[in-house]
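Throughout, protein chains are lettered first and strands after them, A, B, ... in sequence-line order, and every chain is numbered starting at 1.
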Amino acid sequence: MKIKAVNGFKDILPDDALRWQMIEKTARDIFARFGMREIRTPVLEKTELFARSIGEATDIVEKEMYTFVDKGITMRPEATASILRAFIEHGLHVKQPVHRLYTIGPMFRHERPQKGRLRQFHQMDVEVIGATEPQVDAELMAMGQMLLDALGIKVSLEINSLGCPACRPAFRDKLIGYLDQHRESLCSDCRRRLETNPLRALDCKNRTCKALVQDAPSILDSLCSDCNDHFSAVKETLDLLGVSYRDNRFMVRGLDYYTRTTFEFITDALGAQAAVGAGGRYDGLLKQLNGPDLPGIGFALGMERLILLMEQQEDRTPPQQTTDLFVAALGEKAAVHASMLVHALRRLGLAAAMDYSGRSLKAQMKQAGRVNSRFTLIIGDNELAEEEGILRDMNSQEQSRFSLSPAVDEQAQQMAAILSA
RNA sequence: GUGAGCGUAGCUCAGUUGGUGGUAGCACCGGGUUGUGGCCUCGGAGGUCGUGGGUUCAAGUCCCAUCGCUCACCCCA
């Protein structure tokens, strides 16, 4: 029986890794423009951290976590909790009033894998801690949009407000009242949600529930004046920044800690997985974790989903690794010269390669093409005798002579000059 | 946790109502070009048909089980 990767865990092979690097580079660059600084936290945390932040009654905590029961530790299902833990543990808040942080890495959830959903998946996660201003909410969404634009991914942005502890309970009661009236028409899931998390009935996909919910009381009508002002200011700022969005009063989030602003970047191109990025404000969460009473807001982008969309939507060809010079050597003496030259070139910062198997020139040329070599230097017995190799431009197919006579280091300098011209 | 579908070469896949010898393309190796990649052409190598059992004169093909994968529900990035 063959040993294979475990279900829901995927290898990222060399042909794909360059795309990952490109996405991460683009993200880091844009995050830096917004003053975000990287933080890296462990993938393992005390189980209690996630239970207390994400919420005991959420699906994630109830049945999706990879937990070492005997050790009381869990592989992170999301990044926010870990970042806040680190923030609190190291007392970062005393250094400055507002922290802008990001992290990129793997998350783990024990769900049934399907398109765009894995058990180990990767997120780019951004958190701003210590700022309550609605402009920050809008700025984060604008940043997300900027990144998605840079990657050539088309999505739409939907926003909502979930209110705060001052106004959400009243809405919750109103909603329960309404749903209870129509209890008979609700699907079995929603009848259960009525007890556990009535808000989630709002984005039920069942057709009759969907219709029913259209006439349900709207959270937006129940917001307290502070929350209402906040939400208005968020939208105003989005308008100012030229970020388009759509109100979606039915959008709720699967994590308990969200307050006020929530948002999702969604697509219809990924089957059941609509959200490629999502987040929101969590103003009471730090205090709840025994930290300072600071507001926070953040969001995460799903790397695998971004990649699926890019493969589907992109017009340009994916990046490929290239080689500056391939040296094709014929015979042992030539191979010795080649290996010294290749090493000297690498010392100078160039990507140089050769083949040690002593195969035919044709085979070596083929290899040069395979590694996307810009130039190939051919060294055979004739060339050694004349102390001049043949330098071939692989694109134009033009060939010229290259002196092999001075010291190897000087040849490398010469070559570097030619390659950078 | 629930439901459906699919497992043939490294990859993508043919395989007709069960009928002898398992396709092809891509990729790989070699020749045509005795020292020149991509294109062309010729050849080569590469398989326990997921695994186990059953039906049958005969199973890649039908049945059962099992393992694996995929998609969907739920939920989520």
Side-chain angles (χ1 to χ4, degrees), chain A residues 1-8 10 13 15 54 57-64 76-80 104-126 144 155 187-190 192-193 196-197 200 203-206 251-255 263-267 270-280 298-309 323 326 328-331 334 355 357 359-383 389-395 397-399:
Chain A
M1 141 179 173
K2 273 191 231 167
I3 297 180
K4 301 169 49 173
V6 330
N7 191 14
K10 290 275 177 273
L13 299 176
D15 281 346
I54 297 169
T58 57
D59 280 10
I60 292 178
V61 171
E62 259 180 11
K63 53 196 187 194
E64 294 175 1
R76 64 180 182 195
E78 56 111 36
T80 304
I104 299 174
M107 311 294 159
F108 306 85
R109 291 182 200 171
H110 191 113
E111 304 177 85
R112 279 292 267 276
Q114 65 190 68
K115 189 180 182 68
R117 198 172 79 186
L118 297 169
R119 288 181 171 174
Q120 174 179 330
F121 59 104
H122 298 77
Q123 289 188 337
M124 303 190 284
D125 186 278
V126 178
V155 294
C187 71
S188 56
D189 283 330
C190 282
R192 183 172 46 77
R193 288 180 182 122
T196 57
N197 193 343
R200 267 197 243 168
D203 75 347
C204 182
K205 283 164 195 118
N206 179 288
M251 186 177 79
V252 294
R253 315 285 6 274
L255 291 68
F263 58 98
E264 287 185 353
F265 293 101
I266 63 172
T267 175
L270 286 184
Q273 275 59 245
V276 298
F299 76 100
L301 293 160
M303 299 269 294
E304 283 83 358
R305 291 184 185 178
L306 294 180
I307 287 168
L308 283 173
L309 284 179
T323 301
F326 186 91
L330 298 167
D355 182 279
S357 66
R359 296 198 295 165
S360 69
L361 181 59
K362 179 175 179 166
Q364 294 194 51
M365 291 300 292
K366 198 169 181 181
Q367 177 65 11
R370 226 177 339 232
V371 299
N372 298 312
S373 176
R374 292 166 54 210
F375 288 89
T376 298
L377 179 65
I378 299 166
I379 307 176
D381 292 337
N382 302 341
E383 287 75 20
I390 298 170
L391 184 63
R392 178 180 175 86
D393 181 319
M394 296 297 275
N395 291 321
Q397 306 190 36
E398 284 167 20
Q399 302 196 156

Inset, instruction - Measure from the side chain of A:K10, starting at C-beta and using heavy atoms only, and say which of B:rC69, B:rC73, B:rU36 lies closest. - result: B:rC69
Inset, instruction - Stems involving RNA chain B: give each as a range paired with a range, ordered by first number, where a stem means at least three consecutive Watson-Crick or G-U wobble pairs under 3.5 Å. - result: B:1-7 with B:67-73, B:10-12 with B:24-26, B:28-32 with B:40-44, B:50-54 with B:62-66
Legend entry - Under the side-chain hydrogen bond (donor to acceptor under 3.5 Å, both in side chains) test, residues paired with A:E62 that sit two or more places apart: none
Inset, instruction - Check whether any side-chain N or O of A:K115 sits under 4.0 Å from OP1 or OP2 of B:rC73, and answer yes or no. - result: no
Inset, instruction - Report which part of the nucleic acid A:R253 touches: base, sugar-phosphate, or nothing (heavy-atom distance under 4.0 Å, all strands). - result: sugar-phosphate
Inset, instruction - Check whether any side-chain nitrogen or oxygen of A:N7 sits under 4.0 Å from OP1 or OP2 of B:rC69, and answer yes or no. - result: yes
Legend entry - A:Q114 vs B:rC73: side-chain N/O to OP1/OP2 distance below 4.0 Å: yes
Inset, instruction - Send over the distance from A:E64 CD to B:rA77 C1', rounded to a whole Å. - result: 12 Å
Inset, instruction - Would you indicate whether the side-chain heavy atoms of A:M124 and A:L306 approach each other to under 4.5 Å? - result: yes
Inset, instruction - Give A:I60 one of three labels, base, sugar-phosphate or nothing, depending on what nucleic acid heavy atoms sit under 4.0 Å from its own. - result: nothing
Inset, instruction - Taking only the side-chain heavy atoms of A:A275 (C-beta and beyond), determine which of B:rC74, B:rG38, B:rA77 contains the nearest atom. - result: B:rA77
Legend entry - Whole-Å C1' distance, B:rG50 and B:rG60: 12 Å
Inset, instruction - Measure from the side-chain heavy atoms of A:R112 and tell me the nearest of B:rU36, B:rG1, B:rC74. - result: B:rG1
Legend entry - Protein-nucleotide distance (A:Q397, atom CD; B:rC39, atom C1'), rounded to Å: 11 Å
Inset, instruction - With sequence neighbours excluded, tell me which residues meet salt bridge (charged side-chain N to carboxylate O under 4.0 Å, His left out) with A:E78. - result: none
Inset, instruction - Tell me, please, which residues at least two apart from A:F326 pass ring-ring contact (aromatic ring centres under 6.0 Å, His included). - result: none
Inset, instruction - Please confirm whether any donor atom in the side chain of A:E383 sits under 3.5 Å from an acceptor in the base of B:rG35, or the reverse. - result: yes
Inset, instruction - Determine whether any donor atom in the side chain of A:Q399 lies under 3.5 Å from an acceptor atom in the base of B:rU36, or the reverse, and answer yes or no. - result: yes
Enumerate all atom pairs, one protein N or O and one N or O from nucleotides 27-31 of chain B, separated by less than 3.5 Å.
{"residue": "B:rC28", "atom": "OP1", "partner": "A:R370", "partner atom": "NH1", "Å": "2.5"}
{"residue": "B:rC29", "atom": "OP1", "partner": "A:R359", "partner atom": "NH1", "Å": "3.4"}
{"residue": "B:rC29", "atom": "OP1", "partner": "A:R370", "partner atom": "NH2", "Å": "3.2"}

Legend entry - Residue met sooner reading RNA chain B from 5', once A:N395 and A:R117 are mapped to nucleotides: A:N395
Inset, instruction - Looking at every strand, decide which applies to A:R109 at a 4.0 Å heavy-atom threshold: base, sugar-phosphate, or nothing. - result: base
Inset, instruction - Just jot down the salt bridge (charged side-chain N to carboxylate O under 4.0 Å, His left out) partners of A:R370, sequence neighbours excluded, or say none. - result: none
